[in-house]
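Worksheet: one structure, shown below.
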Amino acid sequence: MAVKLYNTLTRRKEELEPLQPPEITFYVCGPTVYDYIHIGNARVFIIFDVIRRYLNYRGYRVRLIQNYTDIDDKMIRRAAEEGLSVPALADKFIEAYETDTARLLIRPADLQPRATEHIEPIIALIGRLEKRGLAYVSGGDVYFDARSFRNYGQLSHQSTDDLLAGARVEPGELKRDPLDFVLWKGRKPGEPAWKSPWGEGRPGWHIECSSMAMHYLGETIDLHAGGADLIFPHHENEIAQSTGATGKTFARYWLHAGYLNIEEQKMSKSLGNVLTVRRLLDDYNPHDLRFFILSAHYRSPLNFSPELVAGARTGRERLQELVDNLNLALPGSASVPSEPAGAISSMISTARNRFIEAMDDDFNTAGALGALFELAREGNIYLQKGYPYDRQILEQLLGFYREADALFDILKMQSAGSPDEELRRKIALREEARRNKDWSTADRIREELHAQGIILEDTPHGVRWKYRSDA
RNA sequence: GGCGACAUAGCCAAGUGGUAAGGCAGAGGACUGCAAAUCCUUUACCCCCGGUUCGAAUCCGGGUGUCGCCUCCA
């Protein structure tokens with residue numbers, strides 16, 4: 001059994017065969033730090049974080065690099081608008097990125113280098129291209145000669161002629177061919193600039209990623225990933241530059257995440273429908289957002305709407321309910337052979353197998369979630385009938401969900417804790433009222449607690465309490 | 001115009017040759033003082049037309065529709 005993944009380059013699912021197993025080198029294109037990240041960005045980062053975790057889970061040692069693009073046209077424009085220096089703008093939004101992604105439970109890459117801290121290697125890489133005759137100076141700029149790269153268009157699967165049909169030259173650009181792209185931009189007044197053999201200036205966007213990927217991970221890396229919109233021109237150009245400079249394969253597998261639309265529409269500033277993570281976290285908890293995103297395949301387009309997230313939340317809460325109930329049942333459990341433990345064990349291993357099978361197949365998170373739900377039914381049946389509870393069964397069930405959740409982070413795994421004195425007293429009072437069939441008192445206590453964010457449930461085995469998920 | 005992806009129940013969504021996972025919503029039932037939670041039952045001519053095959057949602061061809069890329073964009 002091996003992990004299979006869809007490679008944009010070959011348009012096929014391929015078995016993952018890292019260059020130097022068990023090591024996997026993995027580069028994800030990070031944000032341009034000119035604004036707060038939105039839910040579409042979040043989808044990308046959540047997905048590749050989950051993929052990274054899963055590869056680790058499967059025994060690989062993943063080295064993940066994700067860059068910050070902290071110098072480009074957008075940065076310069078935005079800095080001017082905000083009245084900040086470009087580095088100050090970068091600091092502000094890198095901090096915002098780190099806060100937002102942490103709240104979404106996205107784990108940071110092993111390294112998150114900034115382009116502006118890598119000017120030297122970038123210059124060296126451009127120098128190599130120039131030496132090989134693949135780059136030329138024009139005006140104060142340095143351009144990559146796209147047509148000199150035989151396989152230009154291989155990733156986006158377009159011929160150079162087809163690409164040419166749509167290409168256009170910005171005013172002020174001094175390209176020989178519309179397909180050429182800038183490696184180094186000559187200094188313009190008021191813009192940040194670094195010294196280089198071609199005069200003062202700044203790096204182009206594409207070369208940053210090539211340089212940082214190769215600098216940290218080597219000239220041939222295993223996985224390179226990003227949003228689908230990066231396929232052309234960004235990733236296409238990265239291949240051209242990197243392979244042009246080294247003569248080697250740059251990345252062996254290319255992964256691209258699908259778009260996230262808002263209410264069937266593309267997210268864009270002009271439509272005014274950009275949902276920032278920051279805003280969204282006021283209305284939704286991170287687990288629900290993650291669950292929602294993982295409920296579709298990562299390459300499919302995903303539509304975002306409050307109704308769809310609400311539906312996802314209800315489903316997620318069923319899993320949470322099970323975990324909470326397992327946690328609550330655990331303290332009162334013992335080594336009592338109550339239910340055929342072997343039957344539960346085999347259901348768990350069936351679920352685990354389904355989970356792994358789905359994830360091995362190009363990270364089918366939706367299929368994997370199905371396995372979690374199927375086992376949840378078994379777990380609930382056990383909780384309903386299995387009293388007194390066998391500690392071993394509870395722990396096995398909980399263990400499986402903990403294992404899966406270490407990858408998905410869609411559940412709150414820790415127990416709610418024991419009730420405080422106040423709560424204990426109220427529950428006892430209500431129990432007494434119920435024994436006396438004083439339903440109005442019993443209901444009043446239940447409603448009071450509900451208002452405080454605590455839900456009471458009367459089960460055949462006693463009263464359970466939990467925090468309201470919407471509180 | 002060029003390249004490509006997708007089309008599965010009211011909604012979301014798996015499933016790439018052997019008579020359709022799962023979730024949400026709905027209906028009925030069990031349990032409950034009432035709730036809540038949970039469980040059980042129930043809902044699919046797999047866009048259309050051809051073809052290959054003993055057998056196709058799955059492969060091939062042709063339609064239709066939706067979306068994306070070709071220009072900054074996750």
Side-chain angles (χ1 to χ4, degrees), chain A residues 8 11 13 28-32 34-35 37-45 47-48 72-74 77 153 156-159 161-170 178-179 205 225-234 236 256-261 264-269 274 291-292 295-297 299-303 305 307-319 321-322 324-325 354 358 361 364-385 433-434 437-440 442-443 446-447 450 455-460 464 466 468:
Chain A
T8 307
R11 291 177 174 166
K13 279 185 197 170
V28 174
C29 284
T32 301
Y34 71 111
D35 208 339
I37 58 165
H38 58 245
I39 183 65
N41 297 314
R43 181 189 190 191
V44 172
F45 298 128
I47 279 163
F48 293 124
D72 80 338
D73 291 343
K74 292 194 297 288
R77 191 180 342 117
S156 50
H157 300 98
Q158 306 238 55
S159 71
D161 289 339
D162 291 337
L163 286 167
L164 192 58
R168 74 168 185 234
V169 182
E170 295 293 328
L179 290 181
W205 175 35
D229 53 330
L230 294 183
I231 295 171
F232 189 90
H234 186 54
E236 192 73 71
H256 292 98
Y259 271 100
L260 185 144
N261 296 316
E264 311 284 356
Q265 285 190 310
K266 188 171 172 174
M267 211 182 322
S268 77
K269 295 210 165 136
V274 175
F291 181 92
F292 171 71
S295 68
H297 189 87
R299 283 189 284 116
S300 303
L302 178 61
N303 193 38
S305 78
E307 294 73 27
L308 291 170
V309 182
R313 163 190 281 189
T314 315
R316 189 197 74 79
E317 281 171 354
R318 274 192 62 220
L319 294 178
E321 188 75 22
L322 172 70
D324 289 348
N325 285 335
R354 282 191 194 167
D361 184 13
N364 182 352
T365 51
L369 287 176
L372 263 41
F373 276 103
E374 282 178 349
L375 184 65
R377 179 179 301 117
E378 303 304 332
N380 280 322
I381 290 170
Y382 178 73
L383 286 173
Q384 206 165 33
K385 299 184 192 163
R434 289 181 72 214
K437 301 201 187 300
D438 179 1
W439 308 127
S440 65
D443 290 350
R446 186 167 63 192
E447 280 154 26
H450 187 269
I455 290 175
L456 294 188
E457 292 176 1
D458 304 325
T459 78
R464 283 195 193 140
K466 64 182 179 185
R468 251 165 60 196

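Naming convention: chains lettered A, B, ... in sequence-line order (proteins, then strands); numbering from 1 in each chain. From a predicted model like this one, the values you see are computed outputs, not experimental measurements.
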| said: Rounding to an integer number of angstrom, what distance separates B:A44 and B:U19 when you compare their C1' atoms? | reply: 13 Å
| Is the ring of A:Trp439 stacked on the base of B:G33, with centres less than 5.5 Å apart and planes under 30° off? | yes
| field | Any strand: nucleotide that pairs with B:G55 via Watson-Crick or wobble, under 3.5 Å | value | none
| field | Nearest-angstrom distance from the residue atom CZ of A:Phe292 to P of B:A14 | value | 12 Å
| query | Across the strands shown, which category fits A:Leu372 at heavy-atom distances under 4.0 angstrom: base, sugar-phosphate, nothing? | reply | nothing
| task | State the pairing partner of B:A21; accept Watson-Crick or G-U wobble contacts with both distances under 3.5 Å, and report none otherwise. | result | none
| request: Considering non-hydrogen atoms only, spot the tightest contact between A:Glu321 and A:Glu457 and give its length. | output: OE2-OE2, 3.4 Å
| What distance, rounded to whole Å, do you find between the two P atoms, one in B:A5 and one in B:C59? | 12 Å
| query | Picking from B:A74, B:C3, B:A36, which would you name as closest to the side chain of A:Gln158? | reply | B:C3
| request: Return the value, rounded to whole Å, for the distance between atom CG of A:Leu302 and atom C1' of B:C67. | output: 14 Å
| Would you say the side chain of A:Asn364 and the base of B:G15 hold a donor-acceptor pair, judged only by whether the two atoms sit under 3.5 Å apart? | no
| request: Would you mind pulling out the nucleotide paired to B:G61, Watson-Crick or G-U wobble, both distances under 3.5 Å? | output: B:C49
| task | Just call it for A:Leu260: base, sugar-phosphate, or nothing, with non-hydrogen atoms closer than 4.0 Å on any strand. | result | base
| task | Between B:A20 and B:U43, how far apart are the P atoms? Round to whole Å, please. | result | 13 Å
| query | Checking all strands, does A:Glu321 fall into the base, sugar-phosphate, or nothing category for heavy-atom contacts under 4.0 angstrom? | reply | sugar-phosphate
| request: Indicate, yes or no, whether a donor-acceptor pair under 3.5 Å links the base of B:A35 to the side chain of A:Arg446. | output: yes
| query | Do A:Lys266 and B:C73 have a side chain to base donor-acceptor pair shorter than 3.5 Å? | reply | yes
| task | Determine, step by step, whether A:Asn325 and A:Leu322 satisfy the side chain to side chain contact (heavy atoms under 4.5 Å, CB included) criterion, reporting the C-alpha distance in whole Å, the side-chain angles of both residues, the deciding distance to 0.1 Å, and the verdict. | result | CA-CA 5 Å; A:Asn325 285 335; A:Leu322 172 70; 5.6 Å; no
| remark: Comparing A:Arg299 with A:Pro31, nearest RNA chain B nucleotide closer to 5' gives the residue A:Arg299
| said: Given B:A13, B:C3, B:G33, identify the nucleotide with an atom nearest to the side chain of A:Ala296. | reply: B:A13
| query | Just wondering, do A:Arg434 and A:Trp439 contact through their side chains at under 4.5 Å, heavy atoms? | reply | yes
| What does A:Tyr259 touch in the nucleic acid at a heavy-atom separation under 4.0 angstrom: a base, only the sugar-phosphate, or nothing? | base
| said: Without decimals, in angstroms, what is the distance between A:Glu236 CD and B:C3 C1'? | reply: 12 Å
| Whole Å only: how far is the CG atom of A:Leu319 from the C1' atom of B:U38? | 14 Å
| Are any non-hydrogen side-chain atoms of A:His297 and A:Thr365 less than 4.5 angstrom apart? | no
| request: Take nucleotides 19-31 of chain B nucleotide by nucleotide from the 5' end and write B, S or -, depending on whether a protein heavy atom sits under 4.0 Å from the base, only from the sugar-phosphate, or from neither. | output: --BSSSS------
| message | Using a 4.0 Å heavy-atom cut-off, does A:His297 contact any base of the nucleic acid, only the sugar-phosphate backbone, or nothing at all? | response | sugar-phosphate
| request: Look at the side chain of A:Asp458 against the base of B:C34 and say whether a donor-acceptor pair falls under 3.5 Å; ignore hydrogens and angles. | output: yes
| Tell me: CG of A:Leu383 to C1' of B:C39, nearest whole Å? | 12 Å
| field | Close side-chain approach of A:Lys13 to A:Asp361, heavy-atom, < 4.5 Å | value | yes
| remark: Taking a pair to mean Watson-Crick or G-U wobble geometry with both distances below 3.5 Å, B:G33 pairs with none
| query | Would you call the rings of A:Phe373 and A:Phe291 parallel, tilted or perpendicular, where under 30° means parallel and over 60° means perpendicular? | reply | perpendicular
| remark: For B:U16, the nucleotide meeting Watson-Crick or G-U wobble distances (both under 3.5 Å) is none
| task | Could you check how far CZ of A:Arg313 sits from P of B:C11, rounded to whole Å? | result | 23 Å
| said: Please find the pair of heavy atoms, one from A:Ala257 and one from A:Ile47, that lie closest to each other, and give the distance. | reply: CB-CD1, 4.4 Å
| Spacing of A:Arg446 atom CZ and A:Asp458 atom CG [to the nearest 0.5 Å] | 6.5 Å
| Considering residues at least two apart in sequence or located in another chain, which fulfil the salt bridge (charged side-chain N to carboxylate O under 4.0 Å, His left out) criterion with A:Asp438? | none
| query | Are A:Glu307 and A:Ser305 linked by a side-chain donor-acceptor pair shorter than 3.5 Å? | reply | yes
| said: Can you confirm whether the side chains of A:Arg11 and A:His157 place a donor and an acceptor under 3.5 Å from each other? | reply: yes
| query | Taking the side chain of A:Trp205 as heavy atoms from C-beta outward, which of B:U16, B:A74, B:C72 is closest to it? | reply | B:C72
| said: Just to be sure I understand the rule, does A:Asp73 reach a base, reach only the sugar-phosphate, or reach nothing, if contact means heavy atoms closer than 4.0 Å? | reply: nothing
| field | Residue whose nearest RNA chain B nucleotide is more 5′ - A:Ser440 or A:Gly226 | value | A:Ser440
| query | Which nucleotide in the set B:U16, B:C73, B:A74 lies at the smallest distance from any side-chain heavy atom of A:Val44? | reply | B:A74
| said: Between B:C31 and B:C48, how many Å separate the two C1' atoms, rounded to a whole number? | reply: 48 Å
| task | Calculate the interatomic distance between A:Asn325 atom CG and B:A36 atom P; express it in whole Å. | result | 16 Å
| request: Give none if B:U42 has no partner; otherwise give the nucleotide forming a Watson-Crick or G-U wobble pair with it, both distances under 3.5 Å. | output: B:G26
| query | What is the distance, rounded to the nearest whole Å, between atom NE2 of A:His256 and atom P of B:C6? | reply | 16 Å
| query | Using purine N1 to pyrimidine N3 plus N6-O4 or O6-N4 for Watson-Crick, or N1-O2 and O6-N3 for G-U wobble, each under 3.5 Å, what pairs with B:U71? | reply | none
| task | Using the P atoms only, state how far B:A9 lies from B:C69, rounded to an integer number of Å. | result | 26 Å
| said: What's the gap between B:G18 and B:G68 when it is taken at their C1' atoms, as a whole Å value? | reply: 35 Å
| Distance between C1' atoms of B:C46 and B:C34 (Å, rounded) | 44 Å
| message | Taking B:U38 as the reference, what is the distance to B:A14 when you measure between their C1' atoms (whole Å, please)? | response | 25 Å
